[in-house]
Amino acid sequence: MHHKQEILEKLTGIQSSRKSYYRELNLVVDEMKKKNRQLEVINCLTKIKIDADWSEVSAYLAEQLSRLIPFDLFALTLVEGTSLSAYVAKRNGADWRVRTLTQSLKRGESVSTSALDRLFQTEHPGCHVTSVALQSRLNKPFGFITLLHQKQPQDDGEHLLLFQQIAEHVGVSVENILLFKDVSEKVQIEARLIQSAKLAAIGEMAAGVAHELNSPLTAILGNVQLLLRETHTEPQRQMLQDVFQCSVRCKKIIQNLLTFSRQEEYQFERLFINDLVEVVLGLIGYQLTVSGICITKRLADEPLAVWGSRHQIEQIIINLLLNARDALHGASSPEIVITTFRQETDDGVYVGMSVRDNGAGIDAEHLPQIFHPFFTTKEQTKGTGLGLSVSLGIAESHGGTLTAESVRGEYSTFTLLLPIYTDEESADESETGASR
Ligand SMILES: Nc1ncnc2c1ncn2[C@@H]1O[C@H](COP(=O)(O)OP(=O)(O)OP(=O)(O)O)[C@@H](O)[C@H]1O
Ligand SMILES: [Mg+2]
(Lines give C-alpha, C1' and ligand atoms only; values in the text may rest on other atoms or scores of the structure.)
(Ligands and ions follow the chains in the order given, each with its own letter.)
Protein backbone atom coordinates (compact mmCIF):
# COMPACT_ATOMS: atom_id res chain seq x y z
CA MET A 1 0.00 0.00 0.00
CA HIS A 2 3.05 2.23 0.28
CA HIS A 3 3.82 2.53 -3.32
CA LYS A 4 2.12 5.17 -5.43
CA GLN A 5 1.71 2.68 -8.25
CA GLU A 6 -0.12 0.25 -5.99
CA ILE A 7 -2.47 2.99 -4.78
CA LEU A 8 -3.16 4.14 -8.34
CA GLU A 9 -3.93 0.62 -9.43
CA LYS A 10 -6.36 0.21 -6.61
CA LEU A 11 -8.01 3.54 -7.33
CA THR A 12 -8.32 2.84 -11.04
CA GLY A 13 -9.69 -0.58 -10.30
CA ILE A 14 -7.12 -2.50 -12.25
CA GLN A 15 -6.61 -4.82 -9.32
CA SER A 16 -10.17 -4.76 -8.15
CA SER A 17 -13.62 -5.45 -9.36
CA ARG A 18 -16.16 -2.62 -9.53
CA LYS A 19 -17.96 -4.17 -6.59
CA SER A 20 -15.06 -3.79 -4.20
CA TYR A 21 -14.01 -0.41 -5.60
CA TYR A 22 -15.58 1.71 -2.83
CA ARG A 23 -14.43 -0.64 -0.09
CA GLU A 24 -10.87 -0.33 -1.32
CA LEU A 25 -11.18 3.39 -1.71
CA ASN A 26 -12.27 3.55 1.92
CA LEU A 27 -9.28 1.46 2.95
CA VAL A 28 -6.96 3.82 1.12
CA VAL A 29 -8.60 6.85 2.70
CA ASP A 30 -8.32 5.22 6.15
CA GLU A 31 -4.69 4.46 5.55
CA MET A 32 -4.06 8.07 4.55
CA LYS A 33 -5.89 9.36 7.59
CA LYS A 34 -3.73 7.09 9.74
CA LYS A 35 -0.56 8.41 8.15
CA ASN A 36 -1.82 11.95 8.60
CA ARG A 37 -2.48 11.31 12.26
CA GLN A 38 1.00 9.86 12.64
CA LEU A 39 2.53 12.92 11.03
CA GLU A 40 0.44 15.20 13.20
CA VAL A 41 1.55 13.35 16.37
CA ILE A 42 5.19 13.39 15.27
CA ASN A 43 4.84 17.10 14.66
CA CYS A 44 3.38 17.57 18.16
CA LEU A 45 6.21 15.52 19.67
CA THR A 46 8.69 18.08 18.46
CA LYS A 47 6.75 20.84 20.19
CA ILE A 48 7.38 19.85 23.84
CA LYS A 49 7.65 22.85 26.15
CA ILE A 50 11.37 23.35 26.56
CA ASP A 51 11.16 24.37 30.23
CA ALA A 52 8.71 21.63 31.29
CA ASP A 53 9.67 19.34 34.15
CA TRP A 54 10.15 15.64 33.41
CA SER A 55 6.79 14.53 34.80
CA GLU A 56 5.04 17.01 32.49
CA VAL A 57 7.13 15.78 29.54
CA SER A 58 6.24 12.16 30.29
CA ALA A 59 2.52 12.98 30.56
CA TYR A 60 2.65 14.93 27.29
CA LEU A 61 4.42 12.11 25.44
CA ALA A 62 1.95 9.56 26.83
CA GLU A 63 -0.98 11.69 25.68
CA GLN A 64 0.42 12.04 22.16
CA LEU A 65 1.42 8.38 21.83
CA SER A 66 -1.96 7.17 23.05
CA ARG A 67 -3.42 8.71 19.88
CA LEU A 68 -1.45 6.17 17.81
CA ILE A 69 -0.62 3.12 19.89
CA PRO A 70 -2.68 1.41 22.58
CA PHE A 71 -0.86 0.83 25.93
CA ASP A 72 -1.55 0.76 29.67
CA LEU A 73 1.51 2.61 31.01
CA PHE A 74 4.12 4.80 29.42
CA ALA A 75 7.55 5.58 30.87
CA LEU A 76 10.20 8.13 30.04
CA THR A 77 13.51 7.09 31.59
CA LEU A 78 16.60 9.28 31.84
CA VAL A 79 20.08 8.23 32.80
CA GLU A 80 21.88 11.11 34.52
CA GLY A 81 25.29 10.48 36.03
CA THR A 82 24.96 7.61 38.45
CA SER A 83 21.20 7.56 38.71
CA LEU A 84 18.32 6.45 36.60
CA SER A 85 14.95 8.20 36.86
CA ALA A 86 11.83 6.76 35.27
CA TYR A 87 8.68 8.87 34.95
CA VAL A 88 5.82 6.39 34.64
CA ALA A 89 2.57 7.85 33.30
CA LYS A 90 -0.80 6.22 33.85
CA ARG A 91 -4.10 7.55 32.53
CA ASN A 92 -6.28 9.07 35.21
CA GLY A 93 -9.51 10.25 33.55
CA ALA A 94 -8.61 13.00 31.13
CA ASP A 95 -5.17 13.49 32.71
CA TRP A 96 -2.07 11.42 33.28
CA ARG A 97 -0.72 10.62 36.73
CA VAL A 98 3.07 10.39 36.77
CA ARG A 99 5.04 8.39 39.32
CA THR A 100 8.82 8.72 39.62
CA LEU A 101 11.06 5.73 40.06
CA THR A 102 14.73 6.30 40.83
CA GLN A 103 17.53 3.84 41.00
CA SER A 104 21.22 4.44 41.60
CA LEU A 105 23.73 2.93 39.22
CA LYS A 106 27.23 1.76 39.86
CA ARG A 107 29.96 4.05 38.54
CA GLY A 108 30.39 3.40 34.84
CA GLU A 109 27.38 1.05 34.68
CA SER A 110 25.43 1.43 31.45
CA VAL A 111 21.78 0.57 31.06
CA SER A 112 20.50 -1.59 28.21
CA THR A 113 16.93 -1.86 26.97
CA SER A 114 16.73 -5.44 28.27
CA ALA A 115 17.96 -4.38 31.73
CA LEU A 116 15.33 -1.65 31.75
CA ASP A 117 12.63 -4.10 30.63
CA ARG A 118 13.60 -6.34 33.58
CA LEU A 119 13.35 -3.39 35.97
CA PHE A 120 9.83 -2.56 34.79
CA GLN A 121 8.83 -6.23 34.87
CA THR A 122 9.82 -6.38 38.55
CA GLU A 123 7.90 -3.17 39.24
CA HIS A 124 4.86 -4.29 37.24
CA PRO A 125 4.77 -8.09 37.29
CA GLY A 126 2.89 -9.71 34.42
CA CYS A 127 3.20 -6.69 32.14
CA HIS A 128 4.59 -6.88 28.59
CA VAL A 129 7.36 -4.31 28.32
CA THR A 130 8.80 -2.69 25.20
CA SER A 131 11.62 -0.18 25.57
CA VAL A 132 13.42 1.81 22.91
CA ALA A 133 16.61 3.78 23.55
CA LEU A 134 16.74 7.54 22.96
CA GLN A 135 19.94 8.42 21.14
CA SER A 136 21.71 11.74 21.25
CA ARG A 137 22.92 13.41 18.08
CA LEU A 138 26.28 11.88 18.87
CA ASN A 139 24.62 8.44 18.99
CA LYS A 140 25.00 8.11 22.73
CA PRO A 141 21.96 6.67 24.53
CA PHE A 142 20.78 9.02 27.31
CA GLY A 143 17.35 7.62 28.03
CA PHE A 144 14.51 5.35 26.98
CA ILE A 145 10.84 5.36 26.25
CA THR A 146 8.84 2.33 27.29
CA LEU A 147 5.36 1.00 26.71
CA LEU A 148 3.79 -1.40 29.20
CA HIS A 149 0.85 -3.61 28.28
CA GLN A 150 -1.11 -5.65 30.77
CA LYS A 151 -2.04 -8.13 27.98
CA GLN A 152 0.06 -9.30 25.06
CA PRO A 153 -0.40 -6.48 22.51
CA GLN A 154 -1.92 -7.32 19.13
CA ASP A 155 -0.46 -6.07 15.89
CA ASP A 156 2.92 -5.90 17.57
CA GLY A 157 5.10 -5.54 14.47
CA GLU A 158 3.54 -2.42 13.02
CA HIS A 159 3.27 -0.65 16.36
CA LEU A 160 6.82 -1.56 17.32
CA LEU A 161 8.13 -0.07 14.07
CA LEU A 162 6.11 3.08 14.63
CA PHE A 163 7.30 3.28 18.25
CA GLN A 164 10.92 3.04 17.07
CA GLN A 165 10.40 5.80 14.53
CA ILE A 166 8.75 7.98 17.13
CA ALA A 167 11.67 7.39 19.53
CA GLU A 168 13.96 9.22 17.11
CA HIS A 169 11.79 12.35 17.24
CA VAL A 170 11.29 12.09 21.00
CA GLY A 171 15.07 11.74 21.37
CA VAL A 172 15.67 15.07 19.65
CA SER A 173 13.05 16.88 21.76
CA VAL A 174 14.25 15.36 25.05
CA GLU A 175 17.85 16.18 24.22
CA ASN A 176 16.83 19.79 23.54
CA ILE A 177 15.21 19.96 26.97
CA LEU A 178 18.35 18.50 28.57
CA LEU A 179 20.48 21.10 26.82
CA PHE A 180 18.11 23.90 27.84
CA LYS A 181 18.22 22.80 31.50
CA ASP A 182 22.00 22.63 31.39
CA VAL A 183 22.34 26.08 29.85
CA SER A 184 19.79 27.76 32.15
CA GLU A 185 21.51 26.25 35.20
CA LYS A 186 24.82 27.68 34.00
CA VAL A 187 23.27 31.09 33.37
CA GLN A 188 21.79 31.10 36.88
CA ILE A 189 25.08 30.14 38.50
CA GLU A 190 26.84 32.82 36.52
CA ALA A 191 24.31 35.46 37.62
CA ARG A 192 24.78 34.45 41.25
CA LEU A 193 28.54 34.52 40.95
CA ILE A 194 28.33 38.04 39.56
CA GLN A 195 26.02 39.00 42.44
CA SER A 196 28.35 37.54 45.04
CA ALA A 197 31.37 39.12 43.36
CA LYS A 198 29.53 42.46 43.58
CA LEU A 199 28.81 41.86 47.27
CA ALA A 200 32.44 40.96 47.87
CA ALA A 201 33.54 44.15 46.08
CA ILE A 202 31.17 46.26 48.19
CA GLY A 203 32.43 44.51 51.33
CA GLU A 204 36.03 45.22 50.38
CA MET A 205 35.26 48.84 49.64
CA ALA A 206 33.43 49.25 52.95
CA ALA A 207 36.37 47.69 54.75
CA GLY A 208 38.76 50.09 52.98
CA VAL A 209 36.66 53.14 53.89
CA ALA A 210 36.31 51.89 57.46
CA HIS A 211 40.08 51.51 57.83
CA GLU A 212 40.62 55.01 56.42
CA LEU A 213 38.14 56.52 58.86
CA ASN A 214 39.45 54.59 61.84
CA SER A 215 42.67 56.61 62.33
CA PRO A 216 41.19 60.16 62.11
CA LEU A 217 38.39 59.04 64.41
CA THR A 218 40.87 57.77 66.97
CA ALA A 219 42.55 61.18 66.88
CA ILE A 220 39.20 62.98 67.27
CA LEU A 221 38.24 60.79 70.23
CA GLY A 222 41.59 61.21 71.96
CA ASN A 223 41.60 64.98 71.53
CA VAL A 224 38.01 65.38 72.66
CA GLN A 225 38.76 63.35 75.79
CA LEU A 226 41.74 65.63 76.55
CA LEU A 227 39.65 68.76 76.01
CA LEU A 228 36.83 67.35 78.15
CA ARG A 229 39.22 66.90 81.05
CA GLU A 230 40.22 70.60 80.88
CA THR A 231 36.90 72.23 80.07
CA HIS A 232 34.65 73.03 82.98
CA THR A 233 32.51 75.77 81.49
CA GLU A 234 29.09 75.25 79.95
CA PRO A 235 27.88 75.05 77.21
CA GLN A 236 31.36 74.15 75.84
CA ARG A 237 31.57 71.04 78.00
CA GLN A 238 28.18 69.77 76.80
CA MET A 239 29.18 70.42 73.17
CA LEU A 240 32.39 68.45 73.61
CA GLN A 241 30.38 65.68 75.30
CA ASP A 242 28.19 65.49 72.16
CA VAL A 243 31.24 65.32 69.90
CA PHE A 244 32.57 62.49 72.07
CA GLN A 245 29.25 60.52 71.96
CA CYS A 246 28.94 60.93 68.20
CA SER A 247 32.52 59.80 67.67
CA VAL A 248 31.94 56.68 69.79
CA ARG A 249 28.89 55.91 67.68
CA CYS A 250 30.88 56.32 64.46
CA LYS A 251 33.54 54.01 65.86
CA LYS A 252 30.91 51.34 66.53
CA ILE A 253 29.52 51.63 63.01
CA ILE A 254 33.02 51.22 61.60
CA GLN A 255 33.58 48.19 63.82
CA ASN A 256 30.37 46.63 62.48
CA LEU A 257 31.39 47.34 58.90
CA LEU A 258 34.73 45.65 59.48
CA THR A 259 33.03 42.69 61.12
CA PHE A 260 30.52 42.42 58.29
CA SER A 261 33.15 42.46 55.61
CA ARG A 262 35.02 39.82 57.62
CA GLN A 263 38.20 41.84 57.59
CA GLU A 264 38.24 41.76 61.33
CA GLU A 265 40.10 39.00 63.12
CA TYR A 266 37.71 36.80 65.00
CA GLN A 267 38.15 36.82 68.73
CA PHE A 268 37.59 33.42 70.31
CA GLU A 269 36.16 33.39 73.82
CA ARG A 270 34.12 31.26 76.20
CA LEU A 271 30.47 31.51 75.18
CA PHE A 272 27.34 30.10 76.77
CA ILE A 273 24.98 28.72 74.17
CA ASN A 274 21.84 29.86 76.03
CA ASP A 275 23.18 33.43 76.12
CA LEU A 276 23.82 33.37 72.38
CA VAL A 277 20.26 32.19 71.71
CA GLU A 278 18.89 34.97 73.93
CA VAL A 279 21.04 37.62 72.24
CA VAL A 280 19.90 36.54 68.77
CA LEU A 281 16.26 36.41 69.85
CA GLY A 282 16.74 39.90 71.25
CA LEU A 283 17.87 40.98 67.80
CA ILE A 284 15.38 39.24 65.51
CA GLY A 285 12.80 37.64 67.86
CA TYR A 286 10.44 40.58 67.50
CA GLN A 287 10.63 40.40 63.71
CA LEU A 288 9.63 36.72 63.90
CA THR A 289 6.78 37.12 66.37
CA VAL A 290 5.19 40.01 64.46
CA SER A 291 4.99 37.77 61.42
CA GLY A 292 2.81 35.48 63.57
CA ILE A 293 5.42 32.83 64.44
CA CYS A 294 5.25 31.29 67.90
CA ILE A 295 8.74 30.79 69.34
CA THR A 296 9.26 28.09 71.93
CA LYS A 297 12.55 27.92 73.86
CA ARG A 298 13.67 24.66 75.42
CA LEU A 299 16.96 25.74 76.89
CA ALA A 300 19.24 23.44 78.90
CA ASP A 301 19.19 23.99 82.67
CA GLU A 302 22.94 23.65 83.03
CA PRO A 303 25.29 26.33 81.63
CA LEU A 304 26.78 24.87 78.45
CA ALA A 305 29.86 26.62 77.15
CA VAL A 306 31.74 26.49 73.85
CA TRP A 307 34.99 28.11 72.73
CA GLY A 308 34.34 30.26 69.71
CA SER A 309 33.63 33.53 67.97
CA ARG A 310 30.50 35.22 69.30
CA HIS A 311 29.76 36.95 66.03
CA GLN A 312 30.14 33.82 63.93
CA ILE A 313 28.02 31.53 66.10
CA GLU A 314 25.34 34.19 66.37
CA GLN A 315 25.41 34.34 62.59
CA ILE A 316 24.63 30.60 62.38
CA ILE A 317 21.65 30.99 64.72
CA ILE A 318 20.39 34.01 62.74
CA ASN A 319 20.69 32.10 59.43
CA LEU A 320 18.78 29.11 60.81
CA LEU A 321 16.03 31.30 62.27
CA LEU A 322 15.62 33.31 59.06
CA ASN A 323 15.43 30.13 56.99
CA ALA A 324 12.79 28.77 59.39
CA ARG A 325 10.85 32.04 59.06
CA ASP A 326 10.93 31.76 55.25
CA ALA A 327 9.82 28.11 55.38
CA LEU A 328 6.89 29.08 57.63
CA HIS A 329 5.52 31.61 55.16
CA GLY A 330 1.84 30.74 54.75
CA ALA A 331 1.87 27.91 57.35
CA SER A 332 -1.34 27.52 59.38
CA SER A 333 0.12 27.52 62.93
CA PRO A 334 3.75 28.53 62.44
CA GLU A 335 6.08 27.52 65.23
CA ILE A 336 9.83 27.51 65.82
CA VAL A 337 11.28 25.44 68.63
CA ILE A 338 14.81 26.26 69.76
CA THR A 339 16.45 23.64 71.92
CA THR A 340 19.86 23.62 73.59
CA PHE A 341 21.30 20.43 75.06
CA ARG A 342 24.39 18.48 75.98
CA GLN A 343 25.23 15.49 73.76
CA GLU A 344 27.72 12.74 74.40
CA THR A 345 29.03 11.00 71.29
CA ASP A 346 31.84 8.53 70.58
CA ASP A 347 34.03 11.50 69.61
CA GLY A 348 33.45 13.45 72.81
CA VAL A 349 30.96 15.73 74.47
CA TYR A 350 29.19 18.40 72.45
CA VAL A 351 26.92 21.35 73.07
CA GLY A 352 23.90 21.13 70.82
CA MET A 353 21.49 23.74 69.53
CA SER A 354 18.61 22.84 67.26
CA VAL A 355 16.07 24.94 65.38
CA ARG A 356 12.91 23.13 64.33
CA ASP A 357 10.07 24.58 62.29
CA ASN A 358 6.79 23.10 61.14
CA GLY A 359 6.98 24.78 57.74
CA ALA A 360 7.36 23.70 54.12
CA GLY A 361 10.05 21.08 54.78
CA ILE A 362 12.69 20.06 52.24
CA ASP A 363 12.34 17.66 49.31
CA ALA A 364 14.35 14.47 49.88
CA GLU A 365 16.19 15.12 46.62
CA HIS A 366 17.17 18.65 47.74
CA LEU A 367 18.36 17.64 51.19
CA PRO A 368 21.89 16.64 50.10
CA GLN A 369 22.29 19.95 48.25
CA ILE A 370 21.14 22.57 50.75
CA PHE A 371 24.62 23.07 52.21
CA HIS A 372 26.14 23.65 48.77
CA PRO A 373 27.07 27.28 48.08
CA PHE A 374 24.48 29.01 45.88
CA PHE A 375 21.85 26.30 46.30
CA THR A 376 18.55 28.07 46.86
CA THR A 377 14.91 27.45 46.14
CA LYS A 378 14.07 31.08 46.82
CA GLU A 379 13.55 33.83 44.28
CA GLN A 380 16.78 35.34 43.06
CA THR A 381 16.11 38.58 44.90
CA LYS A 382 15.35 36.79 48.17
CA GLY A 383 18.02 34.16 48.61
CA THR A 384 21.68 33.92 47.66
CA GLY A 385 21.92 30.30 48.76
CA LEU A 386 24.94 31.14 50.90
CA GLY A 387 23.39 31.08 54.40
CA LEU A 388 23.75 27.37 55.11
CA SER A 389 27.10 26.92 53.38
CA VAL A 390 28.58 29.80 55.41
CA SER A 391 27.01 28.36 58.59
CA LEU A 392 28.43 24.90 57.89
CA GLY A 393 31.86 26.45 57.27
CA ILE A 394 31.71 28.24 60.63
CA ALA A 395 30.53 25.09 62.46
CA GLU A 396 33.39 23.07 60.97
CA SER A 397 35.99 25.74 61.72
CA HIS A 398 34.85 25.45 65.36
CA GLY A 399 35.35 21.66 65.27
CA GLY A 400 31.61 21.06 65.10
CA THR A 401 28.91 19.95 62.68
CA LEU A 402 25.68 21.29 61.25
CA THR A 403 23.09 18.76 60.05
CA ALA A 404 19.54 18.84 58.71
CA GLU A 405 16.59 16.52 58.93
CA SER A 406 13.28 17.17 57.23
CA VAL A 407 10.05 15.71 55.92
CA ARG A 408 8.47 17.64 53.06
CA GLY A 409 5.29 19.39 54.20
CA GLU A 410 5.90 18.57 57.87
CA TYR A 411 9.03 19.93 59.49
CA SER A 412 12.73 20.78 59.24
CA THR A 413 15.25 20.49 62.06
CA PHE A 414 18.76 21.92 61.85
CA THR A 415 21.18 20.81 64.55
CA LEU A 416 24.45 22.53 65.43
CA LEU A 417 26.93 20.57 67.54
CA LEU A 418 30.04 22.30 68.93
CA PRO A 419 32.68 20.76 71.21
CA ILE A 420 31.89 21.52 74.83
CA TYR A 421 34.22 23.87 76.71
CA THR A 422 34.56 22.53 80.21
CA ASP A 423 35.42 24.16 83.52
CA GLU A 424 38.76 22.31 83.59
CA GLU A 425 39.71 23.77 80.24
CA SER A 426 38.90 27.28 81.42
CA ALA A 427 40.89 26.65 84.62
CA ASP A 428 43.89 25.50 82.53
CA GLU A 429 43.53 28.57 80.44
CA SER A 430 43.59 30.98 83.36
CA GLU A 431 46.57 29.16 84.91
CA THR A 432 48.76 29.20 81.82
CA GLY A 433 47.29 32.30 80.26
CA ALA A 434 47.31 30.37 77.00
CA SER A 435 44.84 31.15 74.31
CA ARG A 436 43.52 28.77 71.71
N1 LIG B 1 14.03 25.55 57.57
C2 LIG B 1 13.96 25.25 56.28
N3 LIG B 1 12.83 24.72 55.73
C4 LIG B 1 12.77 24.43 54.41
N5 LIG B 1 13.78 24.62 53.54
C6 LIG B 1 14.92 25.13 54.01
C7 LIG B 1 15.09 25.48 55.39
N8 LIG B 1 16.34 25.95 55.56
C9 LIG B 1 16.93 25.91 54.34
N10 LIG B 1 16.08 25.43 53.41
C11 LIG B 1 16.37 25.21 51.98
O12 LIG B 1 17.76 25.30 51.79
C13 LIG B 1 18.06 26.27 50.79
C14 LIG B 1 19.42 26.88 51.08
O15 LIG B 1 19.38 27.65 52.28
P16 LIG B 1 20.43 28.81 52.48
O17 LIG B 1 20.19 29.41 53.80
O18 LIG B 1 21.80 28.28 52.21
O19 LIG B 1 20.10 29.81 51.31
P20 LIG B 1 18.81 30.74 51.14
O21 LIG B 1 18.07 30.84 52.44
O22 LIG B 1 18.06 30.26 49.96
O23 LIG B 1 19.48 32.12 50.77
P24 LIG B 1 20.18 33.14 51.83
O25 LIG B 1 20.40 32.39 53.11
O26 LIG B 1 21.46 33.51 51.18
O27 LIG B 1 19.23 34.24 51.96
C28 LIG B 1 16.89 27.24 50.85
O29 LIG B 1 16.73 27.93 49.63
C30 LIG B 1 15.72 26.30 51.13
O31 LIG B 1 15.30 25.66 49.95
MG1 LIG C 1 19.11 31.31 54.25
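Fair warning: this is a prediction, and the values are worked out from it, not measured in the lab. Start at 1 and go down the list; that is how both ligands and their atoms are numbered.
Atoms of ligand 1 found under 4.0 Å from any heavy atom of Asp357, numbered from 1 in the order shown, are 1 (N), 2 (C). Counting the atoms of ligand 1 from 1 in the order shown, those under 4.0 Å from a heavy atom of Gly387 are 16 (P), 17 (O), 18 (O), 25 (O), 26 (O). Residue-ligand proximity, Thr376 to ligand 1, at heavy-atom distances under 4.0 Å covers atoms 20 (P), 22 (O), 29 (O). Listed by number with element, the atoms of ligand 1 under 4.0 angstrom from any heavy atom of Ile370 are 11 (C), 12 (O), 14 (C), 18 (O).
Remark: Glu405 does not engage Arg356 in a salt bridge, criterion side-chain N to carboxylate O under 4.0 Å. For the pair Arg118 and Glu123, the salt-bridge criterion is not met [side-chain N within less than 4.0 Å of a carboxylate O].
Among the backbone and side-chain atoms of Thr376, no N/O/S atom is found under 2.8 Å from the Mg ion (ligand 2).
By the 4.0 Å heavy-atom criterion, Asn319 is excluded from the residues contacting ligand 1. In this structure, Gly359 does not count as a contact residue of ligand 1, since none of its heavy atoms falls inside 4.0 Å of the ligand.
For ligand 1, the polar-atom distance check against Asn323 finds a nitrogen or oxygen pair separated by under 3.5 Å.
Within the 4.0 Å heavy-atom criterion, neither part of Val355 lies near ligand 1. For Phe414, every heavy-atom contact with ligand 1 shorter than 4.0 Å involves the side chain, none the backbone.
Under the side-chain contact (heavy atoms from CB on, under 4.5 Å) criterion, Leu221 pairs with Phe244, Ser247, Val248, Lys251, not counting sequence neighbours.
Atom CD of Gln164 has more than 12 neighbouring heavy atoms from other residues, nucleotides or ligands inside a 6.0 Å radius. Dense packing is recorded around CZ of Arg408, with more than 12 heavy atoms of other residues, nucleotides or ligands lying under 6.0 Å away. Annotation for His329: atom NE2 does not count as buried by contact number, only 12 or fewer foreign heavy atoms lying within 6.0 Å.
Aromatic pair Phe71/His159: ring centres not closer than 6.0 Å.
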